[in-house]
*Asks:* 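Pasting a structure here, questions to come.
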Amino acid sequence: MFQTRVRQVIRFGRYLLPYLDKEVALLAGRFFSALLGLATPFLARLTVDYAYNTRDLSVYNALVIAGGVIWLVTGLLGVIRQYLETYVQQMVDLDIKRHYYRHLHKLSLRFFQTRSTGEQMYRSDADIQGVAALVVSTIPSVLVTAVQLVGLLAISLWLHWRLTLLILAVAPLFYLHAHYFGNKQRAIFRRVVEKSQVISAELQQAISHTRLIKAFGRERAEVHRYVRRLVERLRLGLERTRMTIYANITGSVLNTLVITGLSYYLGYQLIRGDLSLGTLIALSLYLVQLLNILKSLGGIYAGIVVHLVSIDRLLETMDAPIEIADAPDAVPLENPRGEVRWQKVTFGYDSGKAVLADIDFSARAGETVAIVGPSGAGKTSIISLLLRFYDPWAGQILVDGHDVRQVTQRSLREQIGVALQDPMLLNDSIRANILFGRPGGTDEEAQEAARLADAHSFINELPRGYETVIGEEGCNLSAGQKQRIAIARALVKQPRILVLDEAMSSISSTSEQRILEGLASWGRSCTVLIASHRLSTVRHADRILVLQDGRMVETGTHEALLAARGAYYELFVDQLESGAGKAGIAQAEEASHVR
């Protein structure tokens, strides 16, 4: 266990390497300040035994000047040390956060689906700050304290070895005290952290779902739940405070007993004439320093065990396996035509439970292929595999003949424009949201994409046009408007492959028709994949694939599939019955030359 902890601390200690010169200077300043602290009691002894007793003014003046110099140098070193420590700690904190955040974005969607947002927010802030403090301040302070302890022991043994050995005999009591209360505080701190991240996650969720809470009249319930969580954390905080008070009281009693015994013994030695007054003063100061160090070991130990909790939590994320990684020999996907093929693909999210089985189809470059089926049939899973959010259990997904596992993820996704049912918009301007799909893009490109997505007109009607800030998750827009902006964001990339996954579910039929006509007349060659349960969206596709229970059961054009009167026909009839009724069915069949 100890070796594991050492390796963990060394691992994070590597973040100090870019600032090693400053950390060395900081450590040297600490050591020098500690040495100066050891000199002060000795000056007090010289002042009493030599300057006062001999009435030697020159010696007295020299000792006063020496004391003043030590005070000035110690103060100056303290200022420099404080600045260096703050600088290095903030830089290490920044580097750990950068590495942590970079790793976080390499993790698969599966990782985030099993963990709360609040948990990762807490780890990326408070936990990292604690670890940075550990490697920059706490560990070096342990080294300095050890050196200071050795120096104090050497001087105290020289001045009065019997009394020093007596102090060392009771030293294990200080260690046992620190160890006991340190472990208690670590357990409580872990519970406080877990409760804090639950509060953070629930608060983030409540704020982002304010509309839902108001719609269901859940404001009072949410306030009660939030306050209840705060009270639970308050109780844990009070428990931690009580433990700290117990530690302080018992430590104070132990320290008082030792100091009282020490003072009596030194006074006894002075009265008997075995000690000079100067030696008594110096020895008292040294032994008090020694006791203070022994007491501080408890605080240092408690600080270390608390920071070790943060290390455990960070490593849980930083050591999480990267499920979807570029192959060592992965190559960039350059200038693809946009031909996509799913070849005998089987996939599932949970072991032994496939959601897709033997999916085999292709989309030629420039072709529009639609995927339809009831909810849960596997439409979104097919899209997720193309984007390589997951890897299939069996089979291959090929883009222009390249297995997506053999090309870099970045180059693959750069060629794909995606619009999902959930638009996932940023709390920023409409322009920034559209150009999120094309960093560095121009206003003209954003407007062209908005026109294709049938969004340009409503955007211009807003008070600030494209500079209008849309609020959290686009809360200032309607559902259809948000989806149109999401489609524009996908189109502004000028992708070779455009994916629309239920991307027009909240868009009116008129607007949907304009978008589809715009895509058909778009001057750029683009393979379009449409996943939808709304058949009006897919009826003009070159080919339609029908999924049921993760299997492809039919393929063909809209007219051919209606004529076959299979699964697609049943979906078609179900949607008409829920909308236009039987008259609509007859009209649709006549229009499609089915009858």
Side-chain angles (χ1 to χ4, degrees), residues 27-54 59-60 62-64 66-67 69-71 73-74 77-78 138-180 182 250-302 304:
L27 200 56
R30 285 175 177 269
F31 280 127
F32 196 59
S33 295
L35 292 175
L36 291 177
L38 293 177
T40 303
F42 193 73
L43 287 179
R45 180 193 180 197
L46 295 177
T47 301
V48 173
D49 285 349
Y50 294 96
Y52 289 167
N53 290 342
T54 61
V59 173
Y60 178 74
L63 291 172
V64 169
V69 170
I70 289 175
W71 179 81
V73 172
T74 303
L77 286 175
T138 308
I139 299 300
S141 71
V142 170
L143 299 176
V144 173
T145 300
V147 172
Q148 193 175 8
L149 183 60
V150 171
L152 283 170
L153 284 174
I155 295 173
S156 299
L157 286 169
W158 173 60
L159 290 174
H160 201 298
W161 65 270
R162 289 188 182 88
L163 186 57
T164 305
L165 291 178
L166 185 61
I167 294 295
L168 291 177
V170 300
L173 295 177
F174 290 95
Y175 167 77
L176 293 173
H177 178 272
H179 187 269
Y180 174 79
T250 53
S252 179
V253 170
L254 180 61
N255 187 62
T256 300
L257 291 174
V258 174
I259 290 289
T260 301
L262 172 65
S263 299
Y264 176 82
Y265 184 77
L266 288 175
Y268 176 76
Q269 292 282 299
L270 178 65
I271 293 172
R272 287 187 55 184
D274 294 334
L275 285 179
S276 67
L277 181 60
T279 301
L280 181 143
I281 293 173
L283 188 56
S284 298
L285 293 174
Y286 281 126
L287 291 177
V288 167
Q289 285 188 28
L290 180 60
L291 286 171
N292 286 335
I293 287 179
L294 293 174
K295 280 201 309 179
S296 71
L297 293 178
I300 293 174
Y301 180 80
I304 289 175

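Only heavy atoms go into these numbers, but all of them, side chains included; no hydrogens, no water, no symmetry mates.
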*Asks:* Rounded to the nearest 0.5 Å, what separates atom CD1 in Ile139 from atom CD1 in Ile304?
*Replies:* 5.0 Å
*Asks:* Would you say that more than 12 heavy atoms from the other residues, nucleotides or ligands in this model lie under 6.0 Å from the OH of Tyr265, or not?
*Replies:* yes
*Asks:* Roughly how far apart are Leu173 CG and Thr250 OG1, rounded to 0.5 Å?
*Replies:* 11.5 Å
*Asks:* Suppose we screen for side-chain hydrogen bond (donor to acceptor under 3.5 Å, both in side chains). Which residues come up paired with Ser252, at least two apart in sequence or across chains?
*Replies:* none
*Asks:* Please report the closest heavy-atom contact between Gly151 and Leu38, naming both atoms and the distance.
*Replies:* CA-CD1, 4.1 Å
*Asks:* Could you pull out every donor-acceptor pair under 3.5 Å between side chains of residues 27-34 and any protein atom, sequence neighbours left out?
*Replies:*
unit_1 : atom_1 : unit_2 : atom_2 : d
Arg30  : NH2    : Glu85  : OE1    : 2.8
Ser33  : OG     : Gly29  : O      : 2.9
Ser33  : OG     : Arg81  : NH1    : 3.2

*Asks:* Quick check for you: to the nearest 0.5 Å, what is the distance between Leu152 atom CG and Leu157 atom CG?
*Replies:* 10.5 Å
*Asks:* Measuring from Leu43:CG to Leu36:CG, what's the distance to the nearest 0.5 Å?
*Replies:* 10.0 Å
*Asks:* Which residues pass the side-chain hydrogen bond (donor to acceptor under 3.5 Å, both in side chains) test with Tyr268, not counting sequence neighbours?
*Replies:* Arg272
*Asks:* Could you check if a side-chain atom of Thr40 sits within less than 4.5 angstrom of a side-chain atom of Thr74, using non-hydrogen atoms only?
*Replies:* no
